[in-house]
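Heads up, the thing below is written out as structure tokens.
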Amino acid sequence: MKLFNLDSPIMVFLTKVGNLMILNVLTIVLCIPVITAGDAVTALYYVTIKMARGDDPYIIRNYFKSFKENFRQATILWILMLIVTAVLYADIRIVFSGMEGTIATVMKVVIIVVTAFAVLTGLYIFPVLSRFENTIKQTIKNAFLMSILSLPRSILIIVIHLLPVLLVLISVNTLPIMFLLGFSTVAYLCSMNYVKVFKRFEPEEEDPAGGEDLAPLSFIVEEERAKQEEIAAKEAAQKAAEEAGADVRQAEDNIENQAETERSES
């Protein structure tokens with residue numbers, strides 16, 4: 001039955017759900033040590049961004065490939081994010097715990113603005129790290145600029161992150177679903193937006209020097225080059241087969257013409 005063909009819509013959907021389940025469990029397990037949480041999220045986005053781009057990645061292999069390649073930077077960025085979060089939380093507790101007057105009002109506004117920028121930047125840091133080769137400082141800068149320059153999509157990404165929280169608040173019975181699909185589904189839905197955001201900032205192929213601040217990760221470049229080489233090899237093989245077929249048909253036509261000529265002469 002066509003319904004159960006591997007290329008049928010229902011089988012493609014079920015395969016994607018299965019892959020998201022694997023990604024979700026992997027991410028939760030690798031977040032348990034806490035210190036590896038940043039790298040786990042980076043690897044999650046590496047795979048979900050490939051899925052959102054229409055690629056067909058090897059889920060586990062690609063996940064651990066990114067986990068290995070980005071471990072150092074992702075861990076440092078994760079620690080920095082924890083420090084910033086702790087500082088902002090302490091400031092909010094102090095400023096909003098009874099301080100009054102003009103100075104307190106100004107401080108509240110400043111903290112709200114800084115927190116908003118920190119949240120926006122934090123939402124982009126690991127997806128940017130999963131896609132582009134850069135220093136830690138430049139990764140933070142690019143994440144901040146992308147979040148601001150793509151503000152409508154950034155707001156949508158925030159809403160997507162809040163959906164699981166809303167579901168849990170509505171019903172605690174959704175917790176098993178969150179365990180199986182919560183993180184990875186959010187990452188995949190957000191990745192569909194990140195792909196469109198990144199496309200605006202990725203360097204053009206004909207001008208590699210013009211986008212050096214956002215050069216794709218080396219192993220991503222290698223994967224894309226290998227894919228192009230594979231496509232070129234298939235096209236070359238197909239062309240060779242077509243030429244061989246044309247030669248065979250030409251030889252058959254020549255034999256047939258020669259036979260007709262001999263018959264007409266006789």
Side-chain angles (χ1 to χ4, degrees), residues 19-51 57-93 111 114-144 146-147 154 157-158 160-165 168 175-191 194 198 214-220:
N19 289 338
L20 290 175
M21 285 183 179
I22 294 171
L23 285 172
N24 204 73
V25 174
L26 275 175
T27 303
I28 290 174
V29 170
L30 290 172
C31 281
I32 291 174
V34 181
I35 194 68
T36 58
D39 198 17
V41 173
T42 302
L44 171 64
Y45 274 111
Y46 172 67
V47 179
T48 55
I49 286 173
K50 287 179 74 69
M51 293 170 66
Y58 295 99
I59 301 300
I60 297 177
R61 187 168 73 184
N62 282 180
Y63 186 94
F64 284 106
K65 186 178 187 180
S66 174
F67 191 88
K68 177 183 177 182
E69 293 282 343
N70 292 306
F71 181 80
R72 178 181 168 275
Q73 285 191 325
T75 303
I76 294 173
L77 285 168
W78 172 241
I79 293 172
L80 289 175
M81 287 180 65
L82 290 178
I83 293 172
V84 170
T85 301
V87 171
L88 286 174
Y89 177 75
D91 289 342
I92 290 172
R93 288 290 301 271
I111 289 177
V114 172
T115 301
F117 285 152
V119 169
L120 288 170
T121 305
L123 289 174
Y124 277 78
I125 279 182
F126 296 123
V128 169
L129 179 62
S130 75
R131 179 67 190 167
F132 301 107
E133 183 98 48
N134 245 314
T135 62
I136 291 174
K137 179 180 177 181
Q138 196 65 44
T139 297
I140 296 172
K141 176 184 174 182
N142 290 336
F144 172 74
M146 286 183 184
S147 67
S154 299
I157 288 169
I158 291 175
I160 292 172
H161 277 84
L162 292 175
L163 287 177
V165 179
V168 172
L175 280 175
I177 298 176
M178 294 301 105
F179 178 79
L180 289 175
L181 287 167
F183 292 105
S184 59
T185 302
V186 167
Y188 177 70
L189 293 176
C190 290
S191 294
Y194 289 131
F198 292 166
L214 285 171
L217 288 168
S218 57
F219 63 90
I220 292 179

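What you see is a predicted model; the values in this text were computed from it and never measured.
To the nearest 0.5 angstrom, Phe132 atom CZ is 4.5 Å from Met146 atom CE. Atom-to-atom distance recorded for Leu23:CG and Thr185:OG1 is 9.5 Å, nearest 0.5 angstrom. Here Leu44 contributes atom CG and Leu26 contributes atom CG; the two are 9.5 Å apart, rounded to the nearest 0.5 Å. Within the model, atoms OG of Ser130 and NZ of Lys50 stand 10.5 Å from one another, a figure rounded to the nearest 0.5 Å. Within the model, atoms CE of Met81 and OG1 of Thr121 stand 9.0 Å from one another, a figure rounded to the nearest 0.5 Å. Atom CG of residue Asn70 and atom CG of residue Leu129 lie 4.5 Å apart, to the nearest 0.5 angstrom.
Counting heavy atoms from C-beta outward, Phe126 and Thr139 have side chains that stay 4.5 Å or more apart. Ser184 places none of its side-chain heavy atoms less than 4.5 Å from the side chain of Met21. Phe183 is listed as a side-chain neighbour of Ile28, based on a closest heavy-atom distance under 4.5 Å. Residues Tyr63 and Lys68 have side chains not in contact (no heavy-atom distance under 4.5 Å, counting atoms from C-beta outward). At a threshold of 4.5 Å between non-hydrogen side-chain atoms, the residues Ile125 and Trp78 do not count as touching. Under the 4.5 Å side-chain criterion, counting only non-hydrogen atoms from C-beta, Leu77 is in contact with Ile140. The closest side-chain heavy-atom distance from Tyr46 to Asn62 is below 4.5 Å. The side-chain heavy atoms of Thr42 and Phe67, taken from C-beta on, include no pair separated by under 4.5 Å.
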Evaluate Ile59 against Met51 for side-chain contact (heavy atoms from CB on, under 4.5 Å), listing each step before the verdict. CA-CA 9 Å; Ile59 301 300; Met51 293 170 66; 4.3 Å; yes
Walk me through it: do Ile49 and Tyr188 pass the test side-chain contact (heavy atoms from CB on, under 4.5 Å)? CA-CA 7 Å; Ile49 286 173; Tyr188 177 70; over 6 Å; no
Let me see the working for Thr75 and Phe71 under side-chain contact (heavy atoms from CB on, under 4.5 Å), right down to the final yes or no. CA-CA 6 Å; Thr75 303; Phe71 181 80; 3.8 Å; yes
Is there a side-chain contact (heavy atoms from CB on, under 4.5 Å) between Ile22 and Ile60? Walk through the geometry before answering. CA-CA 8 Å; Ile22 294 171; Ile60 297 177; 4.0 Å; yes
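Using modelled atom types, no side-chain atom of Asn24 and backbone atom of Leu20 make a donor-acceptor pair closer than 3.5 Å. Between the side chain of Gln73 and the main chain of Asp39, no donor-acceptor pair closer than 3.5 Å is present. In this structure a side-chain-to-backbone donor-acceptor pair under 3.5 Å is missing from Thr27 to Val41.
Less than 6.0 angstrom separates the ring centroid of Tyr124 from the ring centroid of Tyr194.
Of the N and O atoms on the side chains of Tyr45 and Ser66, not one donor lies less than 3.5 Å from an acceptor on the other residue.
Scanning all heavy atoms of the two residues, the minimum distance from Pro164 to Val186 falls at CG-CG2, 3.3 Å. Closest heavy-atom contact between Ser147 and Ser154: O-OG, 2.8 Å.
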